[in-house]
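Okay, so here's the structure we're looking at.
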Amino acid sequence: MTSKSLVWFVGALLVTVLIAVVGSRYASSEPDGLEYVAERQGFADQAADHVLADSPLADYGDNLKTDPGLSTGIAGLVGVVVAIALGFGLFWLIRTPGDESSGSAP
Amino acid sequence: MHIPDGVIGPGVSAAAGVAAAGGFGVAVSRARRYLTDRLVPMAALVTAFVFAAQMINFPVLPGMSGHLLGGVLASVLVGPWVGVLVVSIVLIIQALLFADGGLTALGLNIINMALIGAVGGYAVYRVAFRVAGLRLERVAVTAAISAFISVPMAAMGFVVEFALGGTIESLSIGAILIAMVTTHALIGIGEGVITFFVITAVVKARPDLVYGAPTFAGKRTEELAA
């Protein structure tokens with residue numbers, strides 16, 4: 001990876017972290033489309049509580065005893081780190097190795 | 001659009017789990033054919049971005065919000081099969097770490113958002129991009145239109161699952177179909193707008209990294225025009 005390419009990746013990752021940590025506190029808390037339809041069509045009550053509803057990060061940090069914006073931000077940061085780690089791990093494992101020369105970064 | 005536990009019965013949920021696991025396996029074997037070393041960091045970055053973007057619910061109607069599904073966004077950036085894996089990883093993290101989307105509904109959610117969203121959405125993109133003349137400057141707008149269409153497509157996946165295994169039987173499937181498709185067409189507008197801006201930014205900076213663009217520098221398992 002060239003240094004210019006590295007700068008682009010770091011920048012994109014920074015934007016991603018900002019969305020998850022800062023942007024998430026401005027997210028709407030209204031029901032999403034499926035919940036909205038479930039309420040109006042009469043199947044909302046079928047939904048069971050999540051098995052892991054008491055886990056620390058359930059509902060993006062609702063169980064953390066901090067300021068709501070901060071707990072959502074913590075949940076977002078943890079999620080991004082786990083997503084990068086799992087994604088990199090899986091994709092590295094299944095990649096076709098040794099094709100770095102097939103196209104060089106601009 | 002994350003289905004919680006309890007809405008779809010255990011039989012259909014289990015069958016969906018098996019089907020989703022099969023789809024994940026197919027995605028791994030198809031992804032291997034083009035996932036080169038240089039694509040790995042991009043695929044991991046897209047996974048993190050889809051997770052982050054899904055946290056941002058945007059208002060759609062009074063009393064209703066929506067969020068990005070990311071299937072078309074991911075598949076245009078990293079290809080449909082890596083796209084399936086990207087969205088599946090996000091769904092697994094959400095279900096296990098954030099109690100978002102039921103554990104027994106994980107297969108259902110992977111079918112709707114990862115398989116229909118990424119592979120179904122990319123199929124729409126390929127046709128639409130051919131119609132658009134295969135030009136680089138039309139990648140983002142074509143991806144946006146395909147992303148818009150992919151959201152009601154995923155919503156229809158839920159309706160089929162509910163018709164097959166909904167745990168309450170007295171309801172009108174037709175009414176649920178109309179409600180799901182209309183609300184998710186509205187949410188799809190947001191999906192299209194977000195997809196447009198993100199793809200525009202990446203095409204501008206790194207056209208060599210965009211799988212669905214004619215400038216893609218890696219291998220592709222199919223011709224865009226075919």
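Quick note on labels: first sequence line is chain A, next is B, and so on, each numbered from 1.
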Under 4.5 Å from any heavy atom of chain A, what part of [X] do you find: side chain, backbone, both or neither?
X       : result
I89(B)  : side chain
I187(B) : side chain
F58(B)  : backbone
I8(B)   : neither
V60(B)  : neither
A31(B)  : side chain
V46(B)  : neither
A105(B) : neither
I93(B)  : side chain
F216(B) : neither
V86(B)  : both
I3(B)   : both
I168(B) : both

Would you call the rings of [X] and [Y] parallel, tilted or perpendicular, taking 30° and 60° as the class edges?
X      : Y       : result
W92(A) : F88(A)  : parallel
F43(A) : F158(B) : parallel
Y60(A) : F98(B)  : parallel

With a 4.5 angstrom heavy-atom cut-off, could you sort out which part of [X] is near chain B: side chain, backbone, both or neither?
X      : value
L93(A) : backbone
Y36(A) : side chain
I94(A) : both
T72(A) : both
V37(A) : side chain

Among [options], which residue forms the greatest number of heavy-atom pairs with chain B at distances under 4.5 Å?
options                        : value
G87(A), A58(A), S24(A), P31(A) : P31(A)
G61(A), A75(A), S28(A)         : S28(A)
L13(A), T16(A), N63(A), D45(A) : T16(A)

Any donor-acceptor N/O pair, [X] side chain to [Y] backbone, under 3.5 Å:
X       : Y       : result
Y34(B)  : V82(B)  : yes
T200(B) : A140(B) : no
E191(B) : L69(B)  : yes
D5(B)   : D49(A)  : no

Notebook entry, point to check: How far apart are the C-alpha atoms of F51(B) and Q94(B), what are their side-chain angles, what is the distance that settles it, and do they pass the side-chain contact (heavy atoms from CB on, under 4.5 Å) test?
Noted result: CA-CA 8 Å; F51(B) 170 82; Q94(B) 288 167 333; 4.3 Å; yes

Next item on the list: Decide yes or no on side-chain contact (heavy atoms from CB on, under 4.5 Å) for V90(B) and T47(B), but give the supporting numbers first.
Entry: CA-CA 7 Å; V90(B) 170; T47(B) 309; 4.1 Å; yes

Checklist line | Aromatic ring proximity, centroids under 6.0 angstrom, H67(B) and H2(B) | finding: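 Yes - the distance between ring centres of H2(B) and H67(B) falls below the 6.0 Å cut-off.
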
Against chain A, work out which of [options] has the most heavy-atom pairs shorter than 4.5 Å and name it.
options                          : answer
T183(B), L45(B), V7(B)           : L45(B)
A201(B), G66(B), P59(B), A95(B)  : A95(B)
A175(B), P62(B), G166(B), P4(B)  : A175(B)
A52(B), S65(B), A48(B)           : S65(B)
Q54(B), R33(B), M42(B)           : M42(B)
V28(B), I176(B), L96(B), L209(B) : I176(B)

Margin query: Testing the 3.5 Å rule here: is there a donor-acceptor pair between the side chains of S5(A) and R38(B)?
Written below: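 There is no such pair between these side chains.
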
A side-chain contact here means heavy atoms from C-beta on lying under 4.5 Å apart; do [X] and [Y] qualify?
X       : Y       : value
M153(B) : N112(B) : no
L186(B) : T182(B) : no
R95(A)  : R32(B)  : no
D59(A)  : D100(B) : no

Next item on the list: Starting from the C-alpha separation in whole Å, work towards a yes-or-no answer on side-chain contact (heavy atoms from CB on, under 4.5 Å) for S13(B) and L108(B).
Entry: CA-CA 6 Å; S13(B) 296; L108(B) 300 159; 3.6 Å; yes

